[in-house]
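The sequence lines fix the lettering, A, B, ..., with proteins before strands; numbering per chain opens at 1. None of the values given here were measured: they were computed from a predicted structure.
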2 protein chains.
Amino acid sequence: MGKPHKTKQLDPAAVCRSSDPMAVRELLTKIGDKWTIFIVLSLDILGGRARFSELERAVPGISQRMLSSTLRTLERDGMVIREVFPEVPPRVEYEMTPLGKGLLRPTQGLVDWAKENWEQVRKAQSQYDER
Amino acid sequence: MGKPHKTKQLDPAAVCRSSDPMAVRELLTKIGDKWTIFIVLSLDILGGRARFSELERAVPGISQRMLSSTLRTLERDGMVIREVFPEVPPRVEYEMTPLGKGLLRPTQGLVDWAKENWEQVRKAQSQYDER
DNA sequence: CCCATTACTTACCTCCACGTAAGTGACTAA
DNA sequence: TTAGTCACTTACGTGGAGGTAAGTAATGGG
């Protein structure tokens, strides 16, 4: 038999101690969706402010529907501010708020981790798959 | 009219420069699913090693099906190692790999951000909703 | 013989994230 | 009059994530 290791007596909701579990879940769900990080990172690269069509070009493959709805969510969450200019054709600019910019740091941490370690993940996957 | 800001001439795939965009997307999709972070954080709290039933208790609300499949994915990705002890009733222990532990740092960054800023996000949401 | 335990798997169903395609409004230029 | 631009919205359809419930294998204990 393998050595039985110390079984810490644990609260049925151990994780929930470290912080509001719903906050973490919701945050991860948000930035874990298909387009949010790309939009946020693109906005950053574009200097923290860009118009709809610029983002459309910056995020290859995104549809107008998804860009629009993701931006609305970001706006609702206080991550970006939407500014409409009464012109024709219309012009709308999106600007990252301090809150949104603050999220960029920890997000960048994940991006960096992926850059450094993803190859290893892929290797683990193919090893696992071939038996 | 609002001041027209400098429109940076940009590559159609600006974000894609910073790193492998698929790696980032896949990573975010993984840790953005419903249970992965909780399992990873629980495993960490439990000392980096725990058996199935311990995790089941540590992550309130998770079903056996989801715990099992999420752990399999984690194992496939090289984040945890699964060790089976030939006993009856069965005992299976899951241990975080160095790769999995490495992911904990940037993940914790997000958890901390959520802890500090989620209240503000909620406030932004209710402001947005009431008009 | 029956039950309990552990770590699962399988079947089934629901919901929603996301994709595609088309339409819209307001104005300008040809 | 028609076409073009921009920033959207609406309608519709599909796959897959995830929930619920039940089944299973192997063995010891009463």
Side-chain angles (χ1 to χ4, degrees), chain A residues 1-2 4-5 7 21-22 25-39 42-43 46 49-77 80-95, chain B residues 1-2 4-5 7 21-22 25-39 42-43 46 49-77 80-95:
Chain A
M1 86 202 95
H5 70 289
T7 298
M22 281 308 122
R25 173 120 87 197
E26 284 171 39
L27 173 63
L28 266 299
T29 300
K30 276 170 190 303
I31 71 168
D33 76 359
K34 193 162 181 185
W35 299 109
T36 297
I37 354 109
F38 288 156
I39 292 176
S42 295
L43 250 178
L46 293 169
R49 186 179 180 90
R51 47 191 298 189
F52 190 87
S53 54
E54 287 181 294
L55 290 170
E56 210 179 340
R57 268 174 278 126
V59 183
I62 198 171
S63 66
Q64 290 188 326
R65 189 178 98 84
M66 289 314 296
L67 179 56
S68 176
S69 81
T70 307
L71 281 171
R72 257 205 317 283
T73 301
L74 248 14
E75 187 196 1
R76 185 173 108 95
D77 294 342
V80 302
I81 285 172
R82 180 172 181 268
E83 191 176 356
V84 183
F85 299 87
E87 305 172 358
V88 168
R91 178 160 62 104
V92 178
E93 293 188 2
Y94 295 89
E95 189 173 12
Chain B
M1 81 197 99
H5 70 291
T7 297
M22 281 309 121
R25 173 122 85 196
E26 284 171 39
L27 172 63
L28 266 299
T29 301
K30 275 170 190 304
I31 71 169
D33 76 359
K34 193 163 181 184
W35 298 109
T36 297
I37 353 110
F38 288 155
I39 292 176
S42 295
L43 250 178
L46 293 169
R49 186 178 180 91
R51 47 190 300 190
F52 190 87
S53 54
E54 288 181 292
L55 289 171
E56 210 178 340
R57 269 175 277 125
V59 183
I62 197 170
S63 67
Q64 289 188 327
R65 188 177 97 84
M66 288 315 294
L67 179 55
S68 176
S69 82
T70 307
L71 281 171
R72 258 208 316 286
T73 301
L74 248 15
E75 187 195 1
R76 186 173 108 95
D77 293 343
V80 303
I81 286 173
R82 180 172 180 268
E83 193 175 356
V84 182
F85 299 89
E87 305 170 359
V88 167
R91 178 159 62 102
V92 179
E93 293 187 3
Y94 295 88
E95 188 174 11

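The shortest side-chain heavy-atom distance between B/Glu75 and B/Tyr94 does not fall under the 4.5 Å cut-off. The side-chain heavy atoms of A/Phe38 and A/Pro60, taken from C-beta on, include no pair separated by under 4.5 Å. Side-chain contact between B/Trp35 and B/Val59: present, with at least one pair of heavy atoms (C-beta onward) separated by less than 4.5 Å. Side-chain contact between B/Leu74 and B/Leu43: absent, with no pair of heavy atoms (C-beta onward) separated by less than 4.5 Å.
In this structure a side-chain-to-backbone donor-acceptor pair under 3.5 Å is missing from B/Thr36 to B/Gly32.
Residues passing the salt bridge (charged side-chain N to carboxylate O under 4.0 Å, His left out) test with A/Arg82, sequence neighbours excluded: none. Shown here are the side-chain contact (heavy atoms from CB on, under 4.5 Å) partners of A/Val88, two or more places apart in sequence or in another chain: there are none.
Distance A/Glu87 CD to D/dG4 C1': 17 Å, rounded to the nearest Å. Taking atom CG on A/Leu55 and atom C1' on D/dC6, their separation rounds to 14 Å, with Å as the unit. Rounded to whole angstrom, the span from the CD atom of B/Glu54 across to the P atom of C/dT5 amounts to 17 Å. Separating the CG atom of B/Leu71 from the P atom of C/dA7 is a distance of 11 Å, rounded to the nearest angstrom. The distance between atom CZ of B/Arg82 and atom P of C/dA7, rounded to the nearest whole Å, is 10 Å. For the pair B/Arg72 CZ and D/dG18 C1', the computed distance is 14 Å after rounding to whole Å. In this entry the distance linking CZ of B/Phe85 with P of C/dA7 reads 11 Å, nearest Å. B/Ile39 places its CD1 atom 13 Å from the C1' atom of D/dG18, with the value rounded to the nearest Å.
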Open item on the list: Strictly under 4.0 angstrom, non-hydrogen atoms only: write out the protein contact profile of nucleotides 14-30 of chain C, one letter per nucleotide from the 5' end, B, S or -.
Closed with: ----BBB----BBB---

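Under 4.0 angstrom from either OP1 or OP2 of D/dA7 there lies at least one side-chain N or O belonging to A/Arg51. Distances shown here put every side-chain N or O of B/Arg91 at or beyond 4.0 Å from the OP1 or OP2 atom of C/dA7. In this structure, B/Ser68 reaches the C/dT9 phosphate: one of its side-chain N or O atoms is under 4.0 Å from OP1 or OP2. Between B/Ser53 and C/dA7 there is a side-chain N or O to OP1 or OP2 distance below 4.0 Å.
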